[in-house]
Number of protein chains: 2
Amino acid sequence: MSKINNQNLSEIEWGIMRVLWDKGVLSVKDVWNKLYPNGEKAYTTIQTYMDRMIEKGLLRKEKIGLVNFYQPVVQQEKMMSQATDRFVSNAFGGSFGHLAAFLVGSGKLSSEDINKIKKLINEAEGE
Amino acid sequence: MSKINNQNLSEIEWGIMRVLWDKGVLSVKDVWNKLYPNGEKAYTTIQTYMDRMIEKGLLRKEKIGLVNFYQPVVQQEKMMSQATDRFVSNAFGGSFGHLAAFLVGSGKLSSEDINKIKKLINEAEGE
DNA sequence: TTTAGTATACTACAAATGTAGTAATAAAAC
DNA sequence: GTTTTATTACTACATTTGTAGTATACTAAA
């Protein structure tokens, strides 16, 4: 039974989740084509990943004809939130403010980003 | 030779790094006491971690008397920056703005956090 | 100078991760 | 109807991670 989902995703797992969140329901081949159009990884490697991700409760599959179609079990928002929590707790000692300040001070944000943030802050404060 | 440092840290490795960044130079025992005052992990487990972290180029050690003292090789800022890059690229498709917006919209920031961010933004724009 | 206490160095091993090959099966093409 | 092609299912294996025990060696105490 899908062990209360709370693990870290590896880079490849994130990639797989992203295309599935984006496209909805896909076969291994679809995902593979999307992620590795030049065959950087073997097809069966991705197959293995995706089947292991079912065991982890991240995906589920359904066979239609002879092809398996996979889809996310976990919501993107939820996963992002959990991952952010874990990341902040590891890298920023649990302080979201620290991370936010780091972002603002890091030069990693474009001026559009900054404007969007200001707007969001104003909206949030307006309520 | 310290293979250009670019790996992910596990939760435990982050913990070790954090106490070392904080305190400077410590023995295994010091770190262990700090992180697991109730012996949640075996002393030798931490020893193993710290020695592996030397191979990964994260720490270095120096023997004084019969005790090894460990210290970080990589700067905290740099590590945080790299880790943030990787995290954003995995979880937010590479968009820092997305992460920042997510943070502001998530309710994870306190009002002091928000104020600090506004101040930082103003300062940044003032220059 | 034998003994008891520490810290180190080395070894061990299971689980998870990264990577992919091969066997089997079904459909399509000939 | 036999061959080829597409997929899946299963197996394999090296590396890394998590966890810790044991053997050594040195210091301090008795």
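Predicted model, so just to flag it, every value in this text is computed and none were measured. These numbers come from the heavy atoms of this one structure, side chains and all, not from hydrogens, waters or symmetry mates. Sequence lines set the chain letters: A, B, ... in the order given, protein chains first and strands last, and positions in each chain run from 1.
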The side chain of [X] lies closest to which of these nucleotides: [options]?
{"X": "Val67(A)", "options": "dT8(C), dT8(D), dA12(C)", "result": "dT8(D)"}
{"X": "Lys41(B)", "options": "dT19(D), dA20(D), dA9(C)", "result": "dT19(D)"}
{"X": "Tyr43(A)", "options": "dT8(D), dA20(C), dT19(D)", "result": "dT8(D)"}
{"X": "Tyr49(A)", "options": "dG18(C), dA9(D), dA9(C)", "result": "dG18(C)"}
{"X": "Arg52(B)", "options": "dT19(C), dT8(D), dT19(D)", "result": "dT19(D)"}
{"X": "Lys56(B)", "options": "dT17(D), dT19(C), dT8(D)", "result": "dT17(D)"}
{"X": "Leu66(A)", "options": "dT19(D), dT8(C), dA27(C)", "result": "dA27(C)"}

What is the distance from [atom1] of [X] to [atom2] of [N], rounded to the nearest Å?
{"X": "Lys29(B)", "N": "dG5(C)", "atom1": "NZ", "atom2": "P", "answer": "13 Å"}
{"X": "Lys63(B)", "N": "dA25(D)", "atom1": "NZ", "atom2": "C1'", "answer": "9 Å"}
{"X": "Asp30(A)", "N": "dT7(D)", "atom1": "CG", "atom2": "P", "answer": "9 Å"}
{"X": "Gln7(B)", "N": "dT16(D)", "atom1": "CD", "atom2": "C1'", "answer": "11 Å"}
{"X": "Met50(A)", "N": "dA20(C)", "atom1": "CE", "atom2": "P", "answer": "16 Å"}
{"X": "Trp32(B)", "N": "dT6(C)", "atom1": "CH2", "atom2": "C1'", "answer": "12 Å"}
{"X": "Glu55(A)", "N": "dA15(C)", "atom1": "CD", "atom2": "C1'", "answer": "13 Å"}
{"X": "Ile64(A)", "N": "dT8(D)", "atom1": "CD1", "atom2": "P", "answer": "12 Å"}

Exercise. Pick the nucleotide of DNA chain C nearest each of Lys61(B) and Glu11(A); which residue has the one closer to the 5' end?
Worked result: Lys61(B)
Problem set entry | Residues that Asp51(B) engages under side chain to side chain donor-acceptor pair (under 3.5 Å), provided they are two or more places apart | Lys61(B), Tyr70(B)
Problem set entry | Under 3.5 Å: donor-acceptor pair, side chain of Trp21(B), backbone of Val74(B) | yes
Do [X] side-chain and [N] base share a donor-acceptor contact under 3.5 Å?
{"X": "Thr44(B)", "N": "dG21(D)", "answer": "yes"}
{"X": "Gln47(A)", "N": "dA9(D)", "answer": "yes"}
{"X": "Thr48(B)", "N": "dA20(D)", "answer": "yes"}

Exercise. With a 4.0 Å cut-off on heavy atoms, is Ser10(A) in touch with a base, just the backbone sugar-phosphate, or nothing at all?
Worked result: sugar-phosphate
Within the supplied structure, the quantity of interest is the number of heavy atoms (other residues, nucleotides, ligands) at a distance under 6.0 Å from [X] [atom1]; does it exceed 12?
{"X": "Glu77(A)", "atom1": "CD", "result": "no"}
{"X": "Glu40(B)", "atom1": "CD", "result": "yes"}
{"X": "Gln71(A)", "atom1": "CD", "result": "yes"}

Problem set entry | Asn68(A) vs dA9(D): side-chain N/O to OP1/OP2 distance below 4.0 Å | yes
Problem set entry | Carboxylate-amine/guanidinium proximity below 4.0 Å for Lys108(B) and Asp113(B) | no
